[in-house]
Amino acid sequence: MQDFLEFFSFTDANIRYVTLGSMLLAASSAVVGCFTLLRKRALVGDAVAHAVLPGVCLAFLLSGTKNPFILLLGAFVTGWLSLVVIDYITSRSRIKEDTAIGLVLSVFFGIGILLLTAIQQTGNAAQSGLDKFLFGSAASLIGEDLIAFGVVAVLLLVAVVLFYKELTLLCFDQAYARTIGFPVRGLELLLTTLTVFAVVVGIQAVGVVLMAAMLITPAAAARFWTENLKVMLVLAALMGAFSGIAGAFVSYTAPSMPTGPWIVLIVSMIAILSFALAPGRGWIARILRQQRNKTRILEENLLKLLYQLGELRQDYGSARSLEDLLERRNIPKKEALSGLQKLKRQGYLRKEDDRWVMTPEGEKRGRRVVRLHRLWELYLTQYLNLASDHVHEDAETIEHIITPELEQRLIEELNYPDLDPHSARIP
Amino acid sequence: MNAFWIILTGSLVATCCSLLGCFLILRRMAMVGDAISHAVLPGIVIAFLFTGARDTVPMLIGAGLLGVLTTFLIEFFHRFARVQADAAIGVTFTWLFAIGIILISVFAGQVDLDQDCVLYGEIAYVPLDLIITEGGLSLGPRTVWMLVVVTFLIGLFIVLGYKELFLTTFDPAFAAAIGISTTLWYYLLMGAVSLTTVASFESVGAILVVAFLVAPPATAYLLTDDFKTMLGISVLLGIIASFAGYYLAVWLDGSIAGAIATVTGIEFLLAFLFSPSQGRLRRQKRVQTVGH
């Protein structure tokens with residue numbers, strides 16, 4: 001607890017730098033990441049992160065200094081070049097995009113490693129610190145870095161706000177953007193530049209491999225909670241910022257813990273929880289939805305069977321045994337029984353000894369399913385000219401889906417019919 | 001003698017990776033290979049913790065399992081949670097890699113592994129770790145023997161499963177129709193990729209594995225339309241890169257893995273420009289001739 005208070009009072013300048021730095025970095029790369037994710041190009045961030053290394057080394061070799069601005073400039077140039085090369089290879093040969101990304105990533109990084117090790121062999125005293133670009137060192141952020149982070153983060157956010165409409169259009173409807181005269185090439189260039197900016201700055205905190213996560217993971221997580229891009233951007237930024245702070249806190253309480261990997265671990269857990277739990281798009285929500293649909297279909301089929309039996313014997317009011325039902329339709333016994341129990345609880349059925357009888361509500365619902373089935377069969381034969389023996393399967397599915405509005409339209413279109421294609425009465 | 005062992009190590013890794021890479025890039029799964037090569041890290045660390053040493057077999061098993069788990073997670077996120085395919089890859093491998101690094105920091109005392117070794121390996125140390133018989137006879141480096149076994153296994157896998165791999169790669173629908181399980185062969189292929197990654201891991205590092213998985217097959221893909229020829233060319237290119245890369249590294253006094261990756265890139269560039277059928281220059285010339 002004391003750690004907690006001490007950490008969040010931010011009295012220690014070092015804590016302040018690390019926390020603010022991680023937070024700014026994580027939030028701004030998350031925002032840019034949303035756009036690359038929506039353009040289905042999430043992994044190019046990984047390529048840029050790897051391609052930054054040769055630039056840093058070359059800048060060092062050429063300038064001979066460790067001036068951060070010169071190194072960043074070098075990083076920016078090769079990072080940017082890598083994206084251009086990926087685009088060029090994919091558009092001018094039959095190499096697919098994923099291969100181009102993997103190729104550029106490994107080759108640029110290989111060149112970087114070769115240069116880095118060659119520099120280290122020369123024993124130049126100033127070279128230490130270059131490998132900050134390899135593994136990142138968020139815990140050693142100092143005031144100067146923080147200013148750089150802050151400036152870049154603000155620049156990125158301002159650019160996103162200024163070009164929000166254009167970038168959105170680029171992500172969702174490139175063809176339309178081109179038709180109405182947007183400079184699509186220019187916008188792509190802008191997004192590329194923003195991505196490279198985010199990577200070049202972020203990589204010093206989390207390192208080459210994990211940089212991809214800072215771009216992809218919060219965006220992927222945010223995508224599960226909303227369909228609205230603005231909300232998604234804010235959510236991604238919040239998730240990023242939260243993991244930035246949390247990562248800094250972990251490495252504060254346990255100093256041997258690396259900040260970068262903890263940021264990534266935390267944001268990944270958020271993402272995995274989102275994939276599973278988010279309402280609507282999440283995994284569990286979808287399974288529940290499927291389950292509900294399955295139960296509904298089972299219930300409707302059971303009521304339909306009871307209704308059809310009633311039709312057959314001209315007697316809707318008497319009870320039927322489970323065997324009677326299963327004779328007409330092959331439903332696993334256990335499933336059928338649990339469906340019947342559920343219907344009883346909902347008041348659609350009554351149980352008399354071991355037999356089941358429809359209540360008036362049950363009869364109404366069963367009749368509706370039968371009606372929809374027959375209406376649809378008639379519709380298919382009349383309007384699509386399908387043979388009457390081909391329409392049953394289709395109607396089996398659609399009878400559970402048709403809404404009352406659609407039902408009304410069907411009845412009108414078919415001119416209030418009495419008989420279905422098999423000459424059964426439409427109830 | 002050292003040069004021989006190093007180049008042999010490189011060539012063996014090149015052979016396994018290029019063969020498997022041909023299937024990967026045609027299935028548009030190059031980045032899955034990249035993901036596996038990073039995500040096996042926690043498996044290696046855990047195996048290390050259990051055995052307390054760099055024992056080859058537990059490490060192969062631990063990391064191999066992690067490789068298959070990675071594939072499974074990517075599939076799971078994509079198929080069941082409907083995460084966009086590229087994002088599923090990105091989230092999975094960074095997550096597992098982060099866990100690996102955290103494990104290394106937690107058990108820093110017990111685990112003799114560091115991050116640079118993970119990323120770019122230490123192929124230069126291969127000749128130092130020799131197998132010596134009781135009679136004092138040196139049988140050559142341990143890594144080389146392990147890679148020989150792995151290369152043999154991969155070769156066997158491809159020869160025996162050639163038809164299935166070929167069909168599930170090029171025409172999954174047809175393969176399924178004649179009763180070949182695409183899922184089974186998918187996981188077998190990914191298992192093979194994991195095995196190769198892990199076996200190559202200590203010696204060459206993740207980056208050279210990715211370079212060998214992608215670059216020689218991509219280069220070969222520009223040079224031929226026949227799949228068997230493509231397999232052959234990519235192995236050849238990988239071996240050439242091992243040779244040239246070694247001497248480039250010696251000349252520049254830098255990382256051998258980095259140099260080999262650089263050479264695979266140069267090979268690709270040459271094919272991209274000069275390939276008889278696909279090269280940029282040829283195509284331009286053809287366009288000009290047609291224009292006249």
Side-chain angles (χ1 to χ4, degrees), chain A residues 37 40-43 45-46 50 89 92-103 105-118 121-122 131 134-135 207-210 212-213 215-217 219-220 223-224 256-258 260-262 264-265 268 271-272 275-276 281-283 286, chain B residues 25 28-34 38 77 80-91 93-95 97-102 105-106 108 115-116 119-120 206-208 210-215 217-218 221-222 248-249 252-255 257-262 264-265 268 272 278 280 283:
Chain A
L37 181 93
K40 306 264 187 293
R41 305 196 62 189
L43 288 171
D46 196 25
H50 284 79
I89 292 178
R92 300 297 159 86
S93 76
R94 58 177 179 181
I95 302 283
K96 305 294 178 295
E97 192 176 35
D98 65 316
T99 310
I101 294 177
L103 182 80
L105 175 157
S106 55
V107 171
F108 272 65
F109 192 64
I111 297 174
I113 291 290
L114 181 64
L115 291 173
L116 182 72
T117 43
Q121 297 297 339
T122 61
D131 52 2
L134 260 184
F135 309 116
V208 170
V209 178
L210 297 179
L215 288 166
I216 301 170
T217 312
R223 181 69 190 89
F224 269 73
S256 69
M257 285 293 163
W262 271 102
V264 173
L265 185 66
S268 301
I272 291 167
F275 298 163
R281 290 175 67 95
W283 182 52
R286 193 170 23 247
Chain B
I25 72 162
R28 306 197 178 184
M29 283 171 45
M31 290 312 283
V32 179
D34 176 57
H38 287 88
F77 286 153
F80 293 99
R82 307 271 171 91
V83 183
Q84 184 180 309
D86 53 351
I89 296 176
V91 172
F93 89 86
T94 51
W95 176 50
F97 192 77
I99 292 179
I101 295 187
I102 290 173
S105 340
V106 173
Q115 297 187 46
D116 354 7
L119 281 182
Y120 53 93
I207 198 58
L208 189 53
V210 182
F212 275 147
L213 276 176
V214 180
Y221 187 51
L222 291 179
L248 178 65
L252 286 176
D253 197 8
S255 154
I260 297 177
T262 310
T264 60
F268 179 82
F272 188 75
Q278 303 285 325
R280 285 308 300 156
R283 276 197 188 178

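Proteins get letters first, then strands, A, B, ... in listed order; numbering begins at 1 in each. Quick caveat: nothing in here was measured; it's all calculated off a predicted structure.
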With no hydrogens and no angle check, is any side-chain donor or acceptor of [X] less than 3.5 Å from a backbone partner on [Y]?
X        : Y        : answer
A:Thr117 : B:Gly254 : no
A:Asp98  : B:Met29  : yes
A:Arg286 : B:Phe80  : yes

So, for [X] and [Y], which heavy atoms are closest and what is the spacing to 0.1 Å?
X        : Y        : answer
B:Gly258 : A:Leu114 : C-CB, 4.1 Å
A:Ile216 : B:Gly90  : CD1-CA, 3.8 Å
A:Val107 : B:Ala261 : CG2-O, 3.8 Å
A:Arg94  : B:Tyr221 : NH2-O, 2.5 Å
A:Ala220 : B:Val91  : CB-CG2, 4.3 Å
A:Pro261 : B:Ala98  : O-CB, 3.6 Å

Quick one: does B:Arg82's side chain get under 4.5 Å of A:Arg281's, heavy atoms only? no
Heavy-atom side-chain proximity of B:Ile207 to A:His50 below 4.5 angstrom: yes
Looking only at heavy atoms and a cut-off of under 4.5 Å, which of B:Gly100, B:Ala259, B:Ala215, B:Pro217 has the most pairs with chain A?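 Winner by heavy-atom pair count: B:Ala259.
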For chain A, which candidate among B:Leu222, B:Ile99, B:Val32 shows the most heavy-atom pairs at distances under 4.5 Å?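 Highest number of heavy-atom pairs under 4.5 Å: B:Leu222.
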Side chain from CB out, backbone as N, CA, C, O: work out which of these in [X] comes under 4.5 Å of a heavy atom of chain A, or both, or neither.
X        : value
B:Phe93  : side chain
B:Asp34  : side chain
B:Phe268 : side chain
B:Leu248 : side chain

The single option from A:Leu265, A:Val264, A:Thr217 that satisfies side chain to side chain contact (heavy atoms under 4.5 Å, CB included) with B:Trp95 is A:Leu265
Looking at [atom1] of [X] and [atom2] of [Y], how far apart are the two atoms once the value is rounded to the nearest 0.5 Å?
X        : Y       : atom1 : atom2 : result
B:Ile89  : A:Asp46 : CD1   : CG    : 10.0 Å
B:Leu213 : A:Thr99 : CG    : OG1   : 11.0 Å
B:Asp86  : A:Leu43 : CG    : CG    : 5.0 Å

Which answer fits A:Phe224, side chain, backbone, both or neither, if we ask what part of it has an atom under 4.5 Å from a heavy atom of chain B? side chain
Step-by-step side-chain contact (heavy atoms from CB on, under 4.5 Å) determination, A:Lys96 to B:Ile25: CA-CA 8 Å; A:Lys96 305 294 178 295; B:Ile25 72 162; over 6 Å; no
